[in-house]
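All heavy atoms count here, side chains included; hydrogens, waters and symmetry mates do not. Note on naming: letters A, B, ... go to the chains in the order of the sequence lines (proteins, then strands), and numbering restarts at 1 for each one.
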Number of protein chains: 2
Amino acid sequence: MKVFKIPEATVMRLSVYSRYLNQLAREGVETVSSGDIAKGTGVSSAQVRKDLAYFGEFGTRGVGYKVDELYNHLIKILGLDREWNVIIVGAGKLGSALALYQGFAERGFKIVTVLDVDPDIIGTKLGNIEVEPLELLEERVREQNITIGVIAVPASAAQEVTDRLVKTGVKAILNFSPRVLKVPREVVLRNVDLSVNLEVLSFNLAFNR
Amino acid sequence: MKVFKIPEATVMRLSVYSRYLNQLAREGVETVSSGDIAKGTGVSSAQVRKDLAYFGEFGTRGVGYKVDELYNHLIKILGLDREWNVIIVGAGKLGSALALYQGFAERGFKIVTVLDVDPDIIGTKLGNIEVEPLELLEERVREQNITIGVIAVPASAAQEVTDRLVKTGVKAILNFSPRVLKVPREVVLRNVDLSVNLEVLSFNLAFNR
DNA sequence: TTATTATAGCTATTTTTTTCACAAAATGTT
DNA sequence: AACATTTTGTGAAAAAAATAGCTATAATAA
């Protein structure tokens, strides 16, 4: 059970496993084997066991895993056993879709603030959150104890917003803008570029088929 | 210059490089080195050269790469030198954000049809596209020559919609639902799970820091 | 009790991906 | 023309990740 440096691919798969286990639990399934998880999530059973082995022994030989037990372990490993306060900066198409997206709340990500610069957008409601002016960034981050910032502003504003968030104490940034951001080493950064996904498809369609 | 089996990570980086080159071109930069690209996109220069090497020799030793030339090569490699017709199934928060997202059109992905089942949503406009009833799926795919399908429906409906798309001739599926989809081997499938991204952040915040 | 079967956990192997480091080529300089 | 400088392209080495297969253990059946 070495614990240093967990591959990111493993973390992503754990997230997928946990969602699958949640589904099984709702269906009333009580135990599950690595092979079942593999089948349900599209990986190999050896991979499932390997991924879990980074964190301990959760199963019983000859039997499998208890669904809720394993689920709870994964939730804990993923840090989802608490609430994270999230700010979304940018309430354009993407920002507002993210603000309204149910999936986040379900997993403990509480969107507490949404900011924008556009006077037409400020004051509108996204669910029960009102879009506020960008100037309030520092104030809201501090008073609401926000740890995660989502960047949904145009590329040109992304770095500046990021700097302000980091300076005010945000610990992790999820960047939806197509811009490489600089953050201090201790801040967790993750980039999501929606076009990249379509372009990988396009590549696969265009290339060697 | 072996050409079989390009790593997916390479393809994703090519997409990022191409966007960076586009930016440079707009700024009037004419030549660029692998080191510059590396710095601008957050990878190593050796990585840049290795990635490009899968597809040929595009640079000049001692000099670097001509920005537009390399850009055009990448666009061609990524299959972005043509238009792809795209259908979005599901016009909820996510589906409509995707339909309205500018980034896709800019790269040659033309969203030609958006479908939903909800009578309250059908008939509404997303930009200049009207949301139509799901029943029209087969008809629209055929008459509009659609090759790429985006799944933005709830998990419970995802497989059925996918089957219908595939049956009607769609060649690639971008799946935003948290469900493992089955498609024939010749269909390109890519999953984007937005929650996974936040959960990777959460893991990194919770674990070893 | 003793086999038999199923399956986790672990170790070894293979494969894939990244990094390193250097020869080759182009340009600029003395 | 010779030399220095820059930077690509690439083979080799290293690192990382995935896969395969073996061993131990629990449950169950004989």
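For B:Arg49, the side-chain atoms get nearest to D:dT10 when compared with the rest of C:dC10, D:dT10, C:dT19. Here D:dA18 is the nucleotide among D:dA20, D:dA18, C:dT17 with the atom lying nearest to any side-chain atom of A:Gln47. In this structure, of D:dA18, C:dT19, C:dA8, it is C:dT19 that holds the atom nearest to the side chain of B:Lys50.
Spacing between atom NE2 of A:His73 and atom P of C:dA8 amounts to 15 Å, rounded to whole angstrom units. Atom-to-atom, CZ of A:Phe58 to C1' of C:dC10 comes out at 15 Å; the value is rounded to the nearest Å. Rounded to whole Å, atom P of D:dA17 lies 11 Å from atom CG of A:Asp51. Distance OH (A:Tyr54) to C1' (C:dC10): 13 Å, rounded to an integer number of Å. Rounded to a whole Å, the CD atom of A:Glu8 is 15 Å from the C1' atom of C:dT17. Taking atom NZ on B:Lys5 and atom P on D:dA17, their separation rounds to 16 Å, with Å as the unit. Atom CD of A:Glu57 is separated from atom C1' of C:dT11 by 14 Å (rounded to the nearest Å). Rounded to an integer number of Å, the gap from CD1 of B:Ile6 to C1' of C:dT16 is 13 Å.
Here B:Asp193 pairs with A:Arg19 in a salt bridge; the nearest charged N to carboxylate O distance falls below 4.0 Å. Between B:Glu132 and B:Arg140, at least one side-chain nitrogen of the basic residue sits less than 4.0 Å from a carboxylate oxygen of the acidic one, meeting the salt-bridge criterion. Ion pairing between a basic and an acidic side chain is recognised when a charged N comes within 4.0 Å of a carboxylate O; A:Asp81 and A:Lys76 show no such pairing. Salt bridge A:Glu8/A:Arg190: present, at least one basic N to carboxylate O contact under 4.0 Å. The existence of a salt bridge linking B:Glu199 and A:Arg107 is confirmed by a sub-4.0 Å separation between a basic side-chain nitrogen and an acidic carboxylate oxygen.
Residue order along DNA chain D, read from the 5' end via each residue's closest nucleotide, puts B:Ser34 first among B:Ser34 and A:Thr10.
Scanning for ring pair (Phe, Tyr, Trp, His ring centres under 6.0 Å) contacts around A:Phe58 gives A:His73, with sequence neighbours left out.
Between B:Tyr65 and the phosphate of D:dG9, there is a side-chain N or O to OP1/OP2 separation shorter than 4.0 Å.
Residues A:Leu100 and A:Leu126 share a closest heavy-atom pair of CD2-C, 3.6 Å.
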* Asked: How does protein contact run along nucleotides 25-30 of chain D, one letter per nucleotide 5' to 3', with B for base contact, S for sugar-phosphate only, - for none, heavy atoms under 4.0 Å?
  -> BSS---

